Amino acid sequence: MAISVSSDNRTFQRNGKHFFYLADTCWSAFTNITLEEWEYYLELRRQQGFNVIQINALPQWDASGTELNCYPFPTENKQKFHFTELKNEYFIHGAKMCEMAKAKGFELALVVLWCNYVPDTWASEKVPDNIMPYDFLDGYIKKLHETFTGFDPIYVISGDTDFATERAKSYYKKASDMLKQLAPQCLQTFHIRGRLDSVPEEFLGNMDFYMYQSGHNAQPENMSMPYTLAQTFYKNYPEKPILNSEPCYEQMGYSHRMYGRFYPYDIRRAGWMSLLSGGCAGIAYGAHGIYSWHRVGQRFGAGLGEGFDAPNSWNDAVKYPGAWDYGYMKYIFRIYGIQSLIPADIIANPSRDIRCAMTPEQEKYLIYVPNNTCVRLTMNPKDFEIVTIDLMTRQVAYPEVGEKKGLHFIGMHRFEQDALVILTKKKKEI
């Protein structure tokens with residue numbers, strides 16, 4: 001059964017139960033992965049708690065090189081496509097991979113048109129050879145529907161797009177309208193360019209939820225994107241589920257060839273900030289070396305897109321520890337019975353990086369503290385049981401709570417990195 005939007009318009013459900021969207025990003029699955037590798041990968045991610053796989057339905061423009069020869073169109077050197085026919089064997093292979101994923105309990109989020117296939121986008125301007133002819137869209141969308149709608153996927157109409165011109169938007173409008181008519185039971189959304197905070201109004205009617213991406217920029221002015229983008233969609237757009245579909249990927253090189261990489265602390269920071277700032281429907285994880293499915297000795301398009309440094313092989317990347325950290329986010333929601341969260345303005349510290357949200361009934365508050373400090377509150381926490389969880393080791397502490405200079409506070413934790421403070425309302429004694 002397909003997942004659907006819950007009655008609160010902020011979360012998802014499946015089979016009548018709350019569904020926390022926890023996705024791994026494997027854009028290059030259909031072109032780069034053998035079925036044996038896919039089986040291993042799916043089972044590991046299942047054990048880690050993931051329940052969605054994000055896949056590009058077409059070849060990913062910055063996929064790593066592959067010895068496989070599985071493409072939807074005739075190609076030159078596996079890079080330039082001829083939009084003259086759709087190759088059945090590609091779609092049969094993709095359907096088999098989807099069947100395997102569904103058998104392990106995964107939902108599928110399939111990107112329909114990554115921006116390099118659409119004219120007048122930032123990517124197609126860099127790589128103009130593979131723009132899909134507008135008239136080719138009809139046959140492609142029908143083939144997509146015939147192949148994948150039976151798996152009840154989420155159709156992610158755009159990939160990393162910026163909606164630069166009316167011509168670009170016309171491609172997405174046609175794809176969205178056709179799939180809404182052919183597959184009305186399938187949720188639709190748009191994957192927008194990193195750090196973009198707007199979606200054209202004409203797409204809002206077909207959108208069932210919002211995806212934003214805080215992206216891979218490490219400049220100080222961009223480090224707040226996980227929560228500022230969530231806040232924008234939460235406050236300024238019609239009420240729908242919100243999630244960060246592309247926070248910084250683990251071990252991704254900083255964009256624009258800036259030296260450095262993102263490690264577990266960085267991705268935990270992006271994830272928790274997103275969840276507590278309006279994007280509580282779920283979160284997506286990514287690992288450098290998995291989304292492009294990299295193998296030792298194969299090329300990686302470091303000059304494409306935002307100029308990321310080369311990845312490790314998928315064999316290494318699939319075991320990065322951050323995947324467990326993201327699985328733990330879902331676990332916290334489950335064991336504390338959290339479904340929806342509302343951003344809460346109770347933090348008196350000057351830094352906005354300390355994020356806080358509460359359950360709709362105000363029975364629980366979650367506070368993410370990226371660096372240890374005394375957390376000052378504008379509310380009295382005397383009616384709450386309070387624990388602090390070290391997000392690196394998952395050790396639990398019981399913090400000092402008090403009042404000073406007219407403000408209540410939760411004492412500084414003694415852990416080395418980030419922590420999650422959970423306040424649970426005490427049960428009244430009878």
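Keep in mind the model is a prediction, meaning the values are calculated, not measured. Basis for what follows: all heavy atoms, side chains included, without hydrogens, waters or symmetry-related copies.
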For [X] and [Y], does a side-chain donor sit closer than 3.5 Å to a side-chain acceptor?
X: S214; Y: N244; value: yes
X: H216; Y: E246; value: yes
X: S277; Y: R355; value: yes
X: R195; Y: N217; value: yes
X: Q60; Y: D62; value: yes
X: N315; Y: S313; value: yes
X: T359; Y: Y365; value: no

Partner residues of T388 under the side-chain hydrogen bond (donor to acceptor under 3.5 Å, both in side chains) criterion, sequence neighbours left out: none
Once side-chain hydrogen bond (donor to acceptor under 3.5 Å, both in side chains) is applied, do any residues pair with Q417, and if so which ones, sequence neighbours excluded? R268
With a sphere of 6.0 Å drawn around CD of E201, does it hold more than 12 non-hydrogen atoms of other residues, nucleotides or ligands? no
Is the number of heavy atoms from other residues, nucleotides or ligands within 6.0 Å of CG (D345) greater than 12? no
Check against side chain to side chain contact (heavy atoms under 4.5 Å, CB included), I55 and F30: CA-CA 8 Å; I55 302 171; F30 292 167; 3.9 Å; yes
With a 3.5 Å distance limit and no angle check, can you tell me whether [X] reaches the backbone of [Y] through a side-chain donor-acceptor pair?
X: T121; Y: S124; answer: yes
X: D8; Y: T11; answer: yes
X: K240; Y: M207; answer: yes
X: H413; Y: F415; answer: yes
X: K102; Y: F151; answer: yes
X: E37; Y: T34; answer: yes

Hey, mind stepping through Y71 and Y90 against ring pair (Phe, Tyr, Trp, His ring centres under 6.0 Å) and telling me if it holds? CA-CA 6 Å; Y71 295 97; Y90 175 86; 7.6 Å; no
Result block: side-chain N/O donor-acceptor pairs under 3.5 angstrom for residues 221-231, not counting sequence neighbours:
{"from": "Y227", "atom 1": "OH", "to": "D353", "atom 2": "OD1", "distance (Å)": "2.7"}
{"from": "T228", "atom 1": "OG1", "to": "S224", "atom 2": "O", "distance (Å)": "3.2"}
{"from": "Q231", "atom 1": "OE1", "to": "R352", "atom 2": "NH2", "distance (Å)": "3.1"}

Passes side chain to side chain contact (heavy atoms under 4.5 Å, CB included), M252 versus Y291? Steps please. CA-CA 10 Å; M252 178 77 95; Y291 86 87; 3.7 Å; yes
Taking the six-membered ring for Trp and the full ring for Phe, Tyr or His, determine whether the centres of [X] and [Y] are under 6.0 Å apart.
X: F233; Y: Y210; answer: yes
X: F209; Y: F12; answer: yes
X: Y249; Y: F262; answer: no
X: H93; Y: W38; answer: no

Heavy-atom pair with the smallest gap, counting every atom of [X] and [Y]:
X: C26; Y: I53; value: CB-CG2, 4.0 Å
X: I290; Y: T25; value: CG2-O, 3.7 Å
X: R261; Y: A310; value: NH2-O, 2.7 Å
X: L341; Y: L275; value: CD1-O, 4.1 Å
X: Q251; Y: N312; value: OE1-ND2, 3.6 Å

Classify the ring geometry between F190 and F163 as parallel (under 30°), tilted (30 to 60°) or perpendicular (over 60°). tilted
Using the ring of each side chain (for Trp, its six-membered ring), is F91 parallel, tilted or perpendicular to Y140, with breaks at 30° and 60°? tilted
Stacked cation flag K426 on F384, 6.0 angstrom / 45 deg: no
Has R45 got its NZ or CZ under 6.0 Å from the middle of the six-membered ring of F50, at an angle within 45 degrees of the ring axis? yes
Does E202 form a salt bridge (charged side-chain N to carboxylate O under 4.0 Å, His left out) with K173? I'd like the steps, not just the answer. CA-CA 8 Å; E202 58 262 42; K173 190 69 166 63; over 6 Å; no
What residues form a side chain to side chain contact (heavy atoms under 4.5 Å, CB included) with Q188, not counting sequence neighbours? Y155, I157, S176, L179, K180, N206, D208
Do any pairs count as a side chain to side chain donor-acceptor pair (under 3.5 Å) and have a residue in residues 109-118, sequence neighbours left out, and if so which ones? none
Dump the intermediate steps for side-chain hydrogen bond (donor to acceptor under 3.5 Å, both in side chains) on Y254 and D309, then the final yes or no. CA-CA 8 Å; Y254 298 157; D309 208 344; over 6 Å; no
For the residue pair [X] and [Y], establish whether any side-chain heavy-atom pair is separated by less than 4.5 Å.
X: S245; Y: Y212; result: no
X: V112; Y: Y172; result: no
X: Y265; Y: P370; result: yes

Do any side-chain atoms of residues 392-405 form donor-acceptor pairs under 3.5 angstrom with protein atoms, and if so which ones, sequence neighbours left out?
{"from": "T393", "atom 1": "OG1", "to": "D390", "atom 2": "OD2", "distance (Å)": "2.8"}
{"from": "T393", "atom 1": "OG1", "to": "Q395", "atom 2": "N", "distance (Å)": "3.2"}
{"from": "T393", "atom 1": "OG1", "to": "Q395", "atom 2": "OE1", "distance (Å)": "3.4"}
{"from": "R394", "atom 1": "NH2", "to": "D325", "atom 2": "OD1", "distance (Å)": "2.7"}

Per the ring pair (Phe, Tyr, Trp, His ring centres under 6.0 Å) rule, which among W272, Y285, Y320 passes with Y326? Y285
Please walk me through it: do H288 and F300 pass ring pair (Phe, Tyr, Trp, His ring centres under 6.0 Å)? CA-CA 11 Å; H288 199 30; F300 173 72; 5.3 Å; yes
Please lay out, stage by stage, how K425 and D383 fare under the test salt bridge (charged side-chain N to carboxylate O under 4.0 Å, His left out). CA-CA 6 Å; K425 201 159 194 178; D383 295 329; 5.8 Å; no
Determine, stepwise, if the pair V156 / Q54 fulfils side chain to side chain contact (heavy atoms under 4.5 Å, CB included). CA-CA 9 Å; V156 184; Q54 298 183 158; over 6 Å; no
